[in-house]
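Written out below as structure tokens is the structure these notes cover.
The first residue in the sequence is number 1, and the count goes up from there.
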Amino acid sequence: MFKKIYSHLIFISILFVTSFATSQIKLPPISNFNSTDYGAGNQNWGIDSDNEHIYVANNEGLLEFDGVNWFLNKLPNKTIIRSVKVVGDKIFTGSYEEFGYWTRLNNGNLVYTSLSKFLSPNKIVSQSIWGIYAIKDKIIFKSFSDLFIYENKKIKKIRPNLILMAGFTVNDRFIVQGVGKGLLELKNDKLFVLKNTELLAEDRVQAISNFKNNQLLIGTSLHGLYTYSNNKLEKWDNNFNNLLKAHQLNSLSYTNGTVFAGTIKKGIYHYNTNTNTFINLNVKNGLQNNTVLSSTIDASKILWLALDNGISAIPINYFAYYLNPYKEDIGAVYDMVKLNNEVYLATNTGIYKADNNGVNFIEGSQGHIWSLTLINDQIICGHNTGTYKIQDNKLTFISEKNGGYIFKSIPSQPNKYIQGNYSGLTLYTIKDNNWEYRDVQNINFPIKNIVFENSYTAWVLHSYKGVYRIHFSNNYEKIIKIEEQFNKKFDNVYDLKLFNIERNIAFFSNEKWSVYNPIENKIEPFKSINKILGKDKNSIILNNNSQNNVVVFKRSDNTIFIRQNIQDSLSQIYLPTKYYKDKLVRGEGDQRAVVINDSLVFISLYNDVLVVNPKKINQNIKIIPPAISRIYVNNQPKSLLEEIEIKKSDTIQIKLKSPHLSNNTIEYSLGNNYWIATNGNIELTGLPYGSLKLLVRSFLNFKEYSPINSVKLYIKPPWYMGLWGVVLLLSFLTLIFYLITIINKYVLIKHKKYLDDQYQHQQEIHRKEEALKNEMKLNELQKKQHEIELDAKTKELANTAMGMTRKDELLENIKKELEQLKKEIINKPKLEKLLSTINKNINTTKDWEVFESNFNEIHDSFFKSLLKNSETQLTAKDLKLCAYLKMNLATKEIAPLMGISTRGVEIHRYRLRKKLNLSNDQNLNEYFMKL
């Protein structure tokens with residue numbers, strides 16, 4: 001704490017003693033690169049630049065930066081590079097027992113050529129090259145003990161037998177400090193002491209630089225700065241010089257009246273010799289390391305620092321700066337106002353005033369400050385604990401209404417104001433510089449924002465529950481109506497923002513704009529602003545309550561751009577994200593921007609405020625076309641001078657270069673007039689076959705574009721789409737045609753044979769069908785013939801049976817008559833013999849056997865089938881009945897054959913049905929006919 005107070009006291013004393021100008025101290029934007037960013041060692045010993053690149057002597061090799069990408073080039077022996085100097089198209093470097101130069105190949109890479117290899121090893125043994133200087137056609141490599149002069153492709157060694165410290169070239173002269181001698185000048189390969197520099201003999205001269213009025217500015221490690229001109233050495237006697245002595249000077253750069261003094265302990269000092277003011281950049285206010293080992297100023301007027309840990313870049317002429325140069329811990333900034341050239345900051349820790357002394361806390365303001373509103377010559381503060389005013393640099397309590405989110409004037413009501421706070425709305429009236437206030441009745445929820453639709457109708461934004469349309473009474477002391485139905489139109493009322501855009505009540509939620517339609521009394525998409533913003537329609541306005549035409553937008557990806565008015569897309573300018581990346585306020589408070597006098601835009605950050613001059617951006621920033629830095633195909637470097645041939649499956653990487661801190665937006669196109677924004681690294685794959693031209697350009701705003709650079713690409717079609725592919729295709733088609741002809745011929749032959757076979761087959765089938773038909777006809781005829789014969793035989797058999805029956809009847813009748821004549825016949829033996837003969841021929845078994853044999857010839861196996869199907873043993877009499885029924889004889893015809901009555905036949909039929917297990921409804925004749 002004491003050191004902090006002490007440093008501030010020293011700084012304030014310097015302000016008074018040296019009559020520093022009272023302009024506000026501005027902290028320039030600093031770009032820091034660490035070892036992870038550039039992919040090499042922490043320590044960086046030397047730094048230099050050409051028109052397009054920065055070159056850094058690093059522990060692991062030579063670093064190259066093209067404004068977008070870093071490249072590491074290692075020495076063959078992979079030693080530490082201690083020094084670097086750009087001369088023409090060569091980059092000279094010095095290392096341990098090694099020095100030489102790098103040249104650029106057609107593919108953009110650097111290749112190393114050793115010069116020290118032409119020396120015998122003993123001439124450079126155990127020496128490191130700590131400085132490289134160019135004078136006329138000579139390149140001088142300096143170690144602590146020797147000079148190596150490279151001229152006309154030859155190397156000459158000079159050993160002065162003393163320790164050599166810092167060197168410098170001026171007006172074709174090489175000057176170096178020799179410890180114990182003073183400043184030495186190289187003439188005709190010999191070192192001569194400059195007049196009156198013996199005072200520096202025992203000092204450790206760390207840096208020498210040009211200075212105004214053709215002077216040399218000489219920086220020593222512990223004794224500050226000297227000037228040398230016209231053979232006169234003078235100590236630079238001022239308090240700034242005294243301050244440098246305490247922090248061990250190590251490097252010097254000078255341009256346009258500003259000295260940049262790098263130190264070992266305290267970072268770098270910017271000293272303006274014209275205004276006698278300075279600012280110190282160190283680890284407390286943005287520099288990543290306090291030890292500056294080397295510095296240079298590039299063509300874009302950016303100061304580059306090679307640090308003991310990292311690399312930093314600081315613009316000398318900058319259009320953006322920070323209000324908190326000493327990085328006081330002020331917290332998140334929520335609002336800002338400017339009064340009497342002083343900027344007041346509302347933060348979550350209190351109110352701070354930024355002036356020429358830096359940032360100072362306003363006593364008694366500790367706590368969360370939500371808003372600052374400038375009313376005439378006083379500032380109204382919406383504090384977490386109440387409402388205050390600042391006037392004449394004094395903080396005064398005016399009401400207990402706490403959490404003042406917003407403080408607004410009422411339209412057409414002079415001296416009347418409305419405040420939205422934790423508990424609702426409060427009406428304020430100012431009379432004779434005194435404030436009167438009273439709560440607005442009938443509304444009691446926290447109000448974060450208020451936008452007037454007209455004098456008595458307003459829209460208010462609840463802290464958590466969306467928007468309400470409210471109607472005031474004539475005296476504004478109460479709310480007579482609250483409309484809350486509009487929240488149904490929003491997906492997320494918690495993330496809702498309320499605006500007045502060109503007299504339209506507008507809303508922003510979920511990255512979409514909506515607007516109130518007063519004619520239809522509804523919320524609808526805000527088509528006009530979407531059209532106005534175009535591709536940036538997902539952007540929100542940061543200076544919501546500004547009375548100025550300038551509008552500040554923030555896109556969903558946190559990119560910030562500015563327009564001179566909301567409809568002027570041609571004036572749209574994007575701010576470099578490097579200035580506010582990871583610094584925007586997040587959380588409960590909203591990001592805020594304030595526009596002051598059309599020339600300055602204040603953007604709230606965490607622990608700081610970024611101030612941007614949009615007009616200066618337009619005037620001072622050139623539109624520089626991006627150039628091609630490297631091209632890789634599948635990670636292999638390709639020439640930048642030739643058309644690049646790739647395959648469709650290849651991945652091509654194109655690295656662009658553009659000046660660091662350029663405000664240009666880079667974009668590329670594949671020749672289809674569709675441009676795509678890029679960060680400078682383009683990766684493409686799967687490109688269409690044929691010639692293609694990749695175009696790159698940059699723009700500062702939508703009306704000014706840079707010239708276009710291009711890369712010619714040829715995406716080689718597969719071999720089968722080339723000449724050999726055509727030849728192969730024709731050969732293949734010829735072969736296919738030949739094969740088709742052969743196959744077709746073979747198929748035709750096979751088909752003809754098939755048709756012949758089919759014809760023969762059809763003929764055979766036809767023949768067989770005819771034969772079958774003939775056979776069927778024959779069979780039919782035979783069947784009919786058989787049936788005729790069967791019927792005939794059956795009839796014959798029936799007739800035979802009937803004949804046998806009639807014979808028997810006849811014999812019986814004869815027998816009866818003989819019996820009657822028995823008594824009358826004398827020859828009775830003959831009669832008995834005759835009767836015996838008649839008895840033998842009446843109904844004999846032999847007759848049945850003859851009948852059965854004849855029956856079986858006609859109806860083969862009938863009796864076998866009958867006996868097989870019968871479950872009961874059939875008698876001979878049963879079999880006879882069955883045979884007669886099979887012959888389809890009527891009952892009357894059967895009775896005499898069986899020698900029984902017709903009634904007996906019926907009874908026998910019944911019994912037979914039972915033996916055959918036939919149902920009553922089954923016809924017995926049909927059964928036998930089918931059997």
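Asn384 and Tyr422 form a side-chain donor-acceptor contact under 3.5 Å, judged by distance and modelled atom types alone. Of the N and O atoms on the side chains of Asn433 and Gln378, at least one donor lies less than 3.5 Å from an acceptor on the other residue. Remark: the Asn434 side chain and the Asp432 side chain contain no N/O donor-acceptor pair separated by less than 3.5 Å. Side-chain atoms of Tyr580 and Asp608 form no donor-acceptor pair, as typed in the model, at a separation below 3.5 Å.
In summary, the aromatic rings of His383 and Phe397 are positioned with their centroids too far apart to meet the 6.0 Å limit.
Within 6.0 Å of NZ on Lys478 lie no more than 12 heavy atoms contributed by other residues, nucleotides or ligands.
No donor-acceptor distance shorter than 3.5 angstrom exists from the side chain of Asn517 to the backbone of Glu524, with no hydrogens or angles considered. The main-chain N or O of Gly331 is never found under 3.5 Å from a side-chain atom of Asn348 such that the two would form a donor-acceptor pair. A donor-acceptor pair is defined here as one N or O able to donate and one able to accept, closer than 3.5 Å; no such pair exists between the side chain of Asn543 and the backbone of Val594. With hydrogens and angles disregarded, a donor-acceptor distance shorter than 3.5 Å links the side chain of Asn282 to the backbone of Lys284. The closest donor-acceptor contact from the side chain of Asn324 to the backbone of Asn607 lies under 3.5 Å. A side-chain donor-acceptor contact under 3.5 Å links Asn32 to the backbone of Gly286. A distance-only check finds no donor-acceptor pair linking the side chain of Thr429 to the backbone of Glu436 [under 3.5 Å].
Shown here are the side-chain contact (heavy atoms from CB on, under 4.5 Å) partners of Glu511, two or more places apart in sequence or in another chain: Phe508, Asn538, Ser556. With sequence neighbours excluded, no residue forms a side-chain hydrogen bond (donor to acceptor under 3.5 Å, both in side chains) with Asn415. With sequence neighbours excluded, the residues forming a side-chain contact (heavy atoms from CB on, under 4.5 Å) with Asn521 are Arg469, Glu483, Gln485, Phe486, Tyr516, listed by chain and number. Residues that satisfy the salt bridge (charged side-chain N to carboxylate O under 4.0 Å, His left out) test with Glu520, not counting sequence neighbours, are Lys522. Residues satisfying the side-chain hydrogen bond (donor to acceptor under 3.5 Å, both in side chains) test with Asn285, not counting sequence neighbours, are none. Judged as a side-chain contact (heavy atoms from CB on, under 4.5 Å), and not counting sequence neighbours, the contacts of Pro29 are Pro315, Tyr318, Tyr322, Tyr579. Considering only residues two or more places apart in sequence or on other chains, Tyr456 meets the ring-ring contact (aromatic ring centres under 6.0 Å, His included) condition with Tyr476. With sequence neighbours excluded, the residues that form a ring-ring contact (aromatic ring centres under 6.0 Å, His included) with Phe407 are Tyr417, Tyr428, Trp435. In this structure, the ring-ring contact (aromatic ring centres under 6.0 Å, His included) partners of His270, at least two apart in sequence or on a different chain, are Phe260. A search for side-chain contact (heavy atoms from CB on, under 4.5 Å) contacts involving Asp439 returns Lys401, Thr426, not counting sequence neighbours.
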Please step through salt bridge (charged side-chain N to carboxylate O under 4.0 Å, His left out) for the pair Lys489 and Asp491, ending with a clear verdict.
-> CA-CA 7 Å; Lys489 294 293 184 180; Asp491 297 331; over 6 Å; no
Stepwise side chain to side chain contact (heavy atoms under 4.5 Å, CB included) check, Tyr468 with Ile443 | CA-CA 11 Å; Tyr468 300 85; Ile443 190 166; over 6 Å; no
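Ion pair Asp568/Arg563 not flagged as a salt bridge, since none of the NZ, NE, NH1 or NH2 atoms sits closer than 4.0 Å to an Asp/Glu carboxylate oxygen. Arg555 and Asp557 are joined by a salt bridge, as a carboxylate oxygen and a charged side-chain nitrogen come within less than 4.0 angstrom of each other.
In plain terms, the two heavy atoms of Ile523 and Ser514 that are nearest each other are CG2-CB, 3.7 Å. Looking at every heavy atom in both residues, Gly680 comes nearest to Val68 through CA-CG1, 3.9 Å.
Sorted by first then second residue, the ring-ring contact (aromatic ring centres under 6.0 Å, His included) pairs that include residues 533-563, not counting sequence neighbours, are Phe553-Phe561, Phe561-Tyr574. Within the structure, the ring-ring contact (aromatic ring centres under 6.0 Å, His included) test picks out no pair touching residues 524-549 (sequence neighbours left out).
Taking 4.5 Å as the limit, every side-chain heavy atom of Ile529 sits out of range of all side-chain heavy atoms of Val515. Taking 4.5 Å as the limit, every side-chain heavy atom of Ser539 sits out of range of all side-chain heavy atoms of Lys554. Side chains of Val611 and Phe602 form a contact here, defined as non-hydrogen atoms less than 4.5 Å apart. At least one side-chain heavy atom of Gln564 sits less than 4.5 Å from a side-chain heavy atom of Pro614. Annotation: side chain of Phe319 is in contact with side chain of Val612 (closest heavy-atom distance under 4.5 Å). No side-chain heavy atom of Ile390 sits less than 4.5 Å from a side-chain heavy atom of Lys353.
The aromatic rings of Tyr705 and Phe699 lie tilted to each other, with the angle between the two planes from 30° to 60°.
Separation of atoms OG (Ser463) and CG (Asn421) is listed at 9.5 Å; rounding is to 0.5 Å. Between the CG atom of Leu395 and the CD1 atom of Ile362 there is a distance of 7.5 Å, given to the nearest 0.5 Å. To the nearest 0.5 Å, atoms OG (Ser31) and CD (Gln288) are separated by 10.5 Å.
The side-chain contact (heavy atoms from CB on, under 4.5 Å) with Phe452 is formed by just one residue from the set Ile418, Thr457, Asn500, Ile505; it is Ile418. Checked against Lys389 for a side-chain contact (heavy atoms from CB on, under 4.5 Å), the options Thr373, Ile375, Ile380 give a single hit: Ile380.
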